[in-house]
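Accompanying notes for the structure given below.
Counting starts at 1 for both ligands and their atoms, following the listed order. Each residue takes its place number in the sequence, starting with 1.
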Amino acid sequence: MTSNTTAVRPEPRALLRGVFGYHDFRPPQEAIIDHLIAGGKALVVMPTGSGKSLCYQIPSLARRGTGIVVSPLIALMHDQVSALVQSGVRAATLNSSLDPAALRTTETQLAAGALDLLYIAPERLLQERTLDLLGRIDVALFAIDEAHCVSQWGHDFRPEYLQLNVLERRFPGVPRVALTATADERTQREIIDRLELTGARSFIGSFDRPNIRYLIGAGGDDARRALLEFITGRHPNEAGIVYCLSRQRVEQVAAWLAGHGIAALPYHAGLDAATRAAHQKRFQNEDNVVIVATIAFGMGIDKPNVRFVAHLNLPRSIEAYYQETGRAGRDGQPAEAWMRYGLNDVVVLGRMLRDSTAGDERKRLERQKLEALLALCEQATCRRQTLLSYFGEKDSAPCGNCDNCLNPPQVWDATEAARQALSCVHRSGQMFGVNHLIDVLRGRRNERIDKFGHQRLSTYGIGAALAAGEWRAVYRQLIARGLLAIGEHGELKLTAACRPLLRGEVELPLCRPAPSTRRTSERAAPSPPAAELTAAGAALFEALRRLRLQLARARSVPPYVIFHDSTLREIAHQRPTTLDALSAIPGIGAHKLETYGRQVLAEISRAAENA
Ligand code: ADP
Ligand code: ZN
């Protein structure tokens, strides 16, 4: 595509339009690109889906020589390279999954200066012969993707990343950029130190993922049915991920969804490798597959058009929640993060924590993280504000795109009820779980109550005015606020923090539990993506999706590598009739226009005839 021998280098904006088919840079992109083209070093921390790739792809095309991209995830490399090739960029990979002939071909191309971009696994880059080879060619820049892998404290630590500082010595003067979506300040410093990015300019984006709508509800009992309604009502025929805590639950939920006509597939560490790979592949290559998974599913998932991530259980922490929900909407289009959880999740997670082999300090930390998550789930105010403030962005405004903003929950004064709930724990000896306590409060008669003589407690029957669900909400929120702790067998115990409330020194405003019909605006809100289109537009969108699938199958690439959903939607909306008009649609660069333009126009005119 670009010729490395011409003296005139293409402008970033010309590359953005001509190659990628986009009209404008997103705010930090242009500054990063200019800085790298000028030969600078940079650290880029921007959330998933914000467009980090262009930040090194465009400088690689604009500078003389080949851009070298270090990436730890082979599956991601292949997708990126397929997408670039579709845009007419000369890109290739070097990693252990290639056969010797393919490796040789790539090395020959590289040596001949015939590549714009090379994606390479770190262990491959560090081999002496690779470094030698690179020493003999023009290197446009080094991009180190997933740079948080240098951190020994993180979950994704890769020892080879620690040796990447060799680039500073072997290639002084070649621009280097480290990129990641997740790095707190300590990790940022670690990246700069370990990669010896001395003097690098930092570009730190907001953590916010404005296109993701957060919807969190309590009520573990009918969670499965609520999930089914959510998927069929708001995301029919769309790709999504459902997270569950256990393998058994994964199997059950996948079977239940499949039984209701949803293309749902299970994924967990107990399945054999071939099945897992097959399910992941279908998810990646088709547009309507819902993966039901344990947290084993995620690393290396780069599908841009995941329209929802659902949690049927509480995740372990806000970090985990943010990372898992972050897999939705990487293409920047509307997506939803949906959760239903119950008190039982808190009990199970608490037990897992207690039984883990971690040291006391670690356990305390993990417990705090779980409490922070529970507080997020139980709060009545904007969820996004809490998420952002958790990650250090303290002064954001209410977002207007979460359940609590769209539909502010009613708050009631639960001070008296909370006192009764605590007192019931105290009077029954701090040995009982929530269900029993609620039976006592509501004055039920059953074997357990008889057995312990709890009909004689002073708290027996004092709470008959509230429904069981309301009591459950009171208990959940007392736990979320640390006024009650959960013991080894699920029994509730008072903590020191409950004293001010018992003494009447503080009040406790609580949200009303949401009956499942309450969140009407949740249903009325447009369900992305097809809802903005007219009926005819939606039909064309579907026809274009079918065409895309056909084109993708013929080339053995995932569909989104051909066109993003947003591009198809814009086509369905505008219905261009000429190649010129088609080229104005975002996401259609010169090469795609040439390769697919006529087929797309044919589909549009066919739709017009049928209408
Ligand atoms: P990240 O690596 O930060 O997760 P990507 O580089 O994969 O994000 O980009 C996410 C999506 O945004 C991709 O579909 C990409 O094509 C699109 N994108 C990136 N930059 C722009 C832009 N300037 N205009 C329109 N779309 C863009
Ligand atoms: Zn909000």
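Judged purely by distance below 3.5 Å, without hydrogens or angles, the side chains of E378 and Y341 pair a donor atom with an acceptor atom. Side chains of R330 and Y560: a donor-acceptor N/O pair is absent below 3.5 angstrom, by distance only. There is a side-chain donor-acceptor pair under 3.5 Å between N313 and D345.
For atom 16 (O) of ligand 1, the nearest non-hydrogen atom from the set Y22, F20, Y56, Y560 belongs to Y22. For the residues E30, R330, K52, the heavy atom positioned nearest atom 3 (O) of ligand 1 is part of K52.
If you check which protein heavy atom lies closest to atom 13 (C) of ligand 1, you get H564 NE2, 4.0 Å. Protein heavy atom in closest approach to atom 12 (O) of ligand 1: R26 NH1, 3.2 Å. The shortest contact between atom 20 (N) of ligand 1 and any protein heavy atom is with Q29 NE2, 2.9 Å. In this structure, the protein non-hydrogen atom closest to atom 6 (O) of ligand 1 is S53 OG, 2.6 Å. Here the protein heavy atom with the shortest distance to atom 22 (C) of ligand 1 is D24 O, 3.7 Å.
When side chains are defined from C-beta on, P558 counts as touching V561, because their heavy atoms get closer than 4.5 Å.
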Evaluate E570 against Q574 for side-chain hydrogen bond (donor to acceptor under 3.5 Å, both in side chains), listing each step before the verdict. CA-CA 6 Å; E570 204 48 39; Q574 294 191 18; 2.9 Å; yes

Tell me, with the steps shown, if Y214 and R209 meet side-chain hydrogen bond (donor to acceptor under 3.5 Å, both in side chains). CA-CA 10 Å; Y214 298 99; R209 301 283 311 279; over 6 Å; no

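In this structure, the separation between CD on Q29 and OG on S53 is 9.0 Å, given to the nearest 0.5 Å.
Close approach of ligand 1 to T48 (heavy-atom distance below 4.0 Å) involves ligand atoms 4 (O). Distances below 4.0 Å separate heavy atoms of G51 from the following atoms of ligand 1: 1 (P), 3 (O), 5 (P), 6 (O), 8 (O), 9 (O), 19 (C).
Between G49 and ligand 1, at least one pair of N/O atoms sits closer than 3.5 Å.
Under a 4.0 Å heavy-atom criterion, P586 is not in contact with ligand 1.
With a heavy-atom cut-off of 4.0 Å, P47 touches ligand 1 through its backbone alone.
A distance-only check finds no donor-acceptor pair linking the side chain of R176 to the backbone of L141 [under 3.5 Å]. Remark: the backbone N or O of N401 is paired with a side-chain donor or acceptor of R384 at under 3.5 angstrom.
In this structure, SG of C402 and SG of C382 enclose an angle of 120° at the Zn ion (ligand 2), rounded to 10°.
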